[in-house]
Undergrad: 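Below you'll find the structure I mean.
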There are 2 protein chains.
Amino acid sequence: MQKVTIKDVAKLAKVSPSTVSRVLSGSPSISDDTCKRVKNAVKELHYTPNTTARSLRCEKSKSIGVVFPDISGEFYATCASAILKYARMSDYTVLFTESGHNLKAEKDSIKALLERRIDGIIFIGDNSDIPLIQSIAAQSIPIVTGDRKVGNIPSVTFNNRETVQEMVDSLYKSGCRKFMYVGETPTGQSNLLNRYNGYTDALKKYSDTTSVIFLEESLHGDKLKTARRLFTKKIITSLPDVIITSNDLIAQGIISAAHENGINIPNDMQITGFDDLISSAYFIPSVTTVSQNIDELAKRCFSMLMDLINKKSAVSSIIEQNIISRSSAKINI
Amino acid sequence: MQKVTIKDVAKLAKVSPSTVSRVLSGSPSISDDTCKRVKNAVKELHYTPNTTARSLRCEKSKSIGVVFPDISGEFYATCASAILKYARMSDYTVLFTESGHNLKAEKDSIKALLERRIDGIIFIGDNSDIPLIQSIAAQSIPIVTGDRKVGNIPSVTFNNRETVQEMVDSLYKSGCRKFMYVGETPTGQSNLLNRYNGYTDALKKYSDTTSVIFLEESLHGDKLKTARRLFTKKIITSLPDVIITSNDLIAQGIISAAHENGINIPNDMQITGFDDLISSAYFIPSVTTVSQNIDELAKRCFSMLMDLINKKSAVSSIIEQNIISRSSAKINI
DNA sequence: CTGAAAGCGCTTACAG
DNA sequence: CTGAAAGCGCTTACAG
C-alpha cells in the first residue's frame, strides 16, 4: 500500500506537517510560495491522503451506509446507482449491505455499518427491525428510510395506496367485476402493505364485485417462477377479469404462463404490475404498470440524510407514482 | 455517534485498555474472570468497536473496493450481490464505485478507493485505464479484474470467443447463411471484443455466407431503444437468417420491433443474445442466449483478491459459458 | 496473565 | 503565515 505520509511531503516541501494539512484542506492563511512547494511535493511523491486517519481524527467518515434486502433486483440496483451518483457529488462514499429477508442479517449489516462509523444510514431494508432502527435514531445517529415508513423516522415514500385505488376504480369503470390480487406477504414493508390496502379499500366501495387474494410468502423469492406456478395451479381454473399484482415480475410470470395455456391477455384477462421494469415495456403484451421515480427517491433520501448529518431538521415526503397504461390492461387516467 | 470507547469499557471492567483489546480480539492468554468482566462491560455500555481506529493502527481496513461501469445493470447488480455475499463470509466490507463509460470517472473512483485505504480492488470497470491499473499493481496494491483481461493482472474471465464460434457453427449447420452481428463498440472491454472476434473467426471458415456487422457506440446506453431503432432503420429492409447480438437487451429490442412489424421469430429470422437475463426466459418468444455463472465469477474474484492480500500468488482462470437454446434461435449443442 | 507506552496518519487549537 | 503538541481509538511489542 501507500507508504507516503504527510510527513514525507512536509520534509520535501521544507514545512511542517501542519502546513501540509492546511494546504490540502484549502486553508486560506497560506502563502503562495509554500502552497506551491507543498503541491509540488504532493505530486512528486504521489501522495494519497489517508482518509482513515482523517476520519479518526475528525470523528466523521464522509461515508454513509445503505441497507437493501438484496442489491441485485432491478429496483434496488437502480436505487443503488442513483445513491452513488448523489454521494459522488458530495464526495461521500457508500457502503451497501444486504439484509436479505432475515432479521439477523439485517441486525448484522447495521452493526457492521455502525462499526465502520458511517456518518448516517439510508434504510431500505426488508424486515424493518423497528426497535433497532428507532434505537439508532435515539442515539442521534442520522438515519432515514426509503420506500418504507418506520415509526416516525424521516422517510421518503411513494403513494402506493392511492395509486392502487385509482387503478381499481378505473378498471371497475371499464367493466371489470371479478378482481384478484397477487402479491408478497407484506412483512414489515409498508410499501407492500399499502398496495394491498389500496386494493381492499377500493373494492369496499363496490358491492357487485368479487375478489380473490393471494398473499404468498414464496413471492419474496423467485417471483417469476412462483407466479407461473400459482397461475397454473390456482388461477387458471377460474380466471378473473383482472389481476392486480404488486410487482412486474409477478405479472410477467403470469402473462407467460397464460400465453402457454392459450389465454389471451388482455382479451381473456387483464393484469397490472408494479415498478415499471425495463423489460415490461418490451414484453409481449407490454405490461401495464406503475412507475416510481427512483432517482428522486435516492435524491431525497440522500439530501435528507445530509440534513440530519448537518444537524438540520429533515422533513419526510411522499413521491407521486405514475400509472403506465400499456397492452396488458387498459387504465384510463 | 457512539461515544463509548475501549477506555470506558476498561474502566468499568477494572482492567487496562490493552486487556479489553485482547479480549475483543480473542487473545488466548486471558483469565476467564477478566474475560467475563470485560464482556459484561461491553454489553452494559453497548460498546461498538471503532474499525476506523483499528484500520489506522493495523494498516489494513478489512474492506475492498469494486469498480463497475454502472451497478444498475442486471449483470453487475447480480455480481455486486454475490461479491457482498462472499465478503460477508470473510467479514469484509465492500465499497462499490461506478466508472461510467468515462475515463475520468474511472480514475476518480479508483482514487477514492485508494484514499479509503481499501485492502484490494476488484476491477470490473469499463474503459480499463491500463496504465493506471498496472501502476496500482506495480505499487503492490492487490488488484484483480473480472470479466476483463488487463495486461497480466490476475483475472477471471469467460470463454466468450469460443462460445460465439460454437453458436455460429451450429447455426451454419442448421442452414443459416446470411449472418449479422449487432453489438457495442468494444472499447477496452475484452469480453465484448472476444464476442465479436468469435463471430468473425467462425465466419472465416465458411465461404458461402454473408455477414453484416453493426458495432454501435450508442448501444452502450439504452440498449433496448437503440436496438429497436437499428432494426426499423437498417435491418428490416434486408433480414438475415440470424442475428448474433452481444446482449439480451439488444436481442429483446430487436424482437420487440420485429414483432411490431409482423416479422415472426424464429420463422422469418433467428436471433441470439448474451447474459441470460431473467426476462429472457419469459420473453415471447423466449431468447436463446448464453448464461454466465456470475456467482462463480464473484467467488473466484474475491478469493483471488484474498490470496493477493494474504501475499499468496493468484492464478487467473476462465469460466465456461453455457449456451441456452430457446425459441428465438435453435442451437444444437 | 496483565499494564504502560508508543504509534498508526491525520487535524486543529494554541502560541508566536 | 507557520510550527510544536496533543489527541482521535485502537493494537502490540515490551516488560514484569
Undergrad: Would B:K39 and B:E44 pass as an ion pair if we require N to O under 4.0 Å?
TA: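 Salt bridge: no.
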
Undergrad: With respect to the phosphate group of C:dG3, does any side-chain polar atom (N or O) of B:S16 fall under 4.0 Å of OP1 or OP2?
TA: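 Yes, within the criterion.
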
Undergrad: A:I6 has an atom CD1; how far is it from atom P of D:dA4, in whole Å?
TA: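 Rounding to the nearest Å, CD1 of A:I6 and P of D:dA4 are 14 Å apart.
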
Undergrad: Taking NZ, NE, NH1 and NH2 as the nitrogens, is one of them in A:K111 or A:E106 under 4.0 Å from a carboxylate oxygen of the other?
TA: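 So A:K111 does not pair with A:E106 through a salt bridge.
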
Undergrad: Rounded to whole angstrom, note down the P distance from D:dT2 over to D:dA6.
TA: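 Between the two P atoms, the distance is 23 Å.
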
Undergrad: Both A:R57 and B:D32 contact DNA chain C. Taking the nearest nucleotide for each, which residue is further toward the 5' end?
TA: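 Checking each residue's closest nucleotide, the 5'-ward one belongs to B:D32.
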
Undergrad: Looking for any heavy atom pair under 4.0 Å, which part of the strands does A:T34 touch: base, sugar-phosphate only, or nothing?
TA: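 The answer is sugar-phosphate, as A:T34 gets under 4.0 Å only of primed atoms, P, OP1 or OP2.
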
Undergrad: Counting heavy atoms from C-beta on, name the nucleotide in C:dT2, C:dC10, D:dT2 closest to the side chain of B:T19.
TA: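 Looking only at side-chain atoms, B:T19 lies closest to C:dT2.
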
Undergrad: Should D:dA4 form a Watson-Crick or G-U wobble pair with both distances under 3.5 Å, which nucleotide is its partner?
TA: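 Pairing partner: none.
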
Undergrad: Return the value, rounded to whole Å, for the distance between atom NZ of B:K3 and atom P of D:dC8.
TA: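 In whole Å, D:dC8 P and B:K3 NZ are 9 Å from each other.
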
Undergrad: What nucleotide among C:dC1, D:dT2, C:dT11 has an atom nearest to a side-chain atom of A:S31?
TA: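 Looking only at side-chain atoms, A:S31 lies closest to D:dT2.
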
Undergrad: What's the NZ-C1' distance between A:K60 and D:dG9, to the nearest Å?
TA: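 In whole Å, D:dG9 C1' and A:K60 NZ are 17 Å from each other.
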
Undergrad: Please give the distance between the P atoms of C:dC14 and C:dC10 as a whole number of Å.
TA: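 So the two P atoms sit 24 Å from each other.
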
Undergrad: What nucleic acid atoms does B:T5 come within less than 4.0 Å of, heavy atoms only: base, sugar-phosphate, or nothing?
TA: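 Result for B:T5 = sugar-phosphate.
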
Undergrad: Compare the minimum distances between each of D:dT11, D:dA5, D:dG9 and the side chain of A:S18, then state the nucleotide with the smallest one.
TA: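 The closest nucleotide is D:dA5.
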
Undergrad: Do A:K299 and A:D295 meet the salt-bridge criterion of a basic N to acidic O distance under 4.0 Å?
TA: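 Salt bridge: no.
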
Undergrad: In whole Å, what is the span from the CZ atom of A:R116 to the P atom of D:dC8?
TA: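 These atoms are roughly 22 Å apart.
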
Undergrad: Among C:dC8, C:dA4, D:dT2, which is the nearest nucleotide to the side chain of B:E59?
TA: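 Selected nucleotide: C:dC8.
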
Undergrad: Taking the side chain of A:S21 as its heavy atoms from C-beta onward, which of D:dT11, D:dG3, C:dT12 lies nearest to it?
TA: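 Nearest listed nucleotide: C:dT12.
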
Undergrad: Mark yes when over 12 heavy atoms from residues, nucleotides or ligands other than A:K85 sit less than 6.0 Å from its NZ; otherwise mark no.
TA: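 For A:K85, atom NZ is crowded (more than 12 foreign heavy atoms under 6.0 Å).
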
Undergrad: Send over the distance from B:N50 CG to C:dC8 P, rounded to a whole Å.
TA: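 It works out to 18 Å between those atoms.
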
Undergrad: Just compare D:dG9, D:dC14, D:dA4 and give me whichever is closest to any side-chain atom of B:R22.
TA: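 The answer is D:dC14.
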
Undergrad: Say we look at D:dG16 and D:dT12: how far apart would their C1' atoms be, to the nearest angstrom?
TA: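 That atom pair is separated by 16 Å.
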
Undergrad: What is the distance, to the nearest angstrom, from the CG atom on B:D8 to the P atom on D:dC8?
TA: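 These atoms are roughly 11 Å apart.
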
Undergrad: Would you check if B:E98 and A:S81 make a side-chain contact, meaning some heavy-atom pair closer than 4.5 Å?
TA: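 Answer yes - side chains close enough.
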
Undergrad: In terms of side-chain heavy atoms of B:Y47, which of C:dG3, C:dG9, D:dC10 is nearest?
TA: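 Selected nucleotide (nearest to the side chain): D:dC10.
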
Undergrad: Applying the side chain to side chain donor-acceptor pair (under 3.5 Å) test to A:R37, which of A:D33, A:N40, A:T34 qualifies?
TA: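 Single pass found, and it is A:D33.
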
Undergrad: Which base sits across from C:dA13 as a Watson-Crick or G-U pair, both distances under 3.5 Å?
TA: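 WC or wobble partner does not exist here.
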
Undergrad: Identify, between A:A53 and B:C35, the residue whose nearest nucleotide on DNA chain C lies closer to the 5' end.
TA: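 Upstream on the strand: B:C35.
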
Undergrad: Please work out if A:S55 contacts a base, only the sugar-phosphate, or nothing of the nucleic acid, heavy-atom cut-off 4.0 Å.
TA: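 A:S55: no heavy atom of the nucleic acid under 4.0 Å.
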
Undergrad: Would you check, one step at a time, whether the test side-chain contact (heavy atoms from CB on, under 4.5 Å) holds for A:I141 with A:L114?
TA: CA-CA 9 Å; A:I141 295 171; A:L114 260 23; 4.1 Å; yes

Undergrad: Grab the CG-C1' distance between A:L45 and C:dG9 for me, whole Å please.
TA: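 Those two atoms, CG and C1', are 15 Å apart.
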
Undergrad: To the nearest Å, give me how far apart CZ (B:R54) and P (D:dC8) are.
TA: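 Rounding to the nearest Å, CZ of B:R54 and P of D:dC8 are 18 Å apart.
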
Undergrad: Counting side-chain heavy atoms from CB outward, which of C:dG9, D:dT11, C:dT11 is closest to B:L56?
TA: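 Taking heavy atoms from C-beta onward, the closest nucleotide is C:dG9.
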
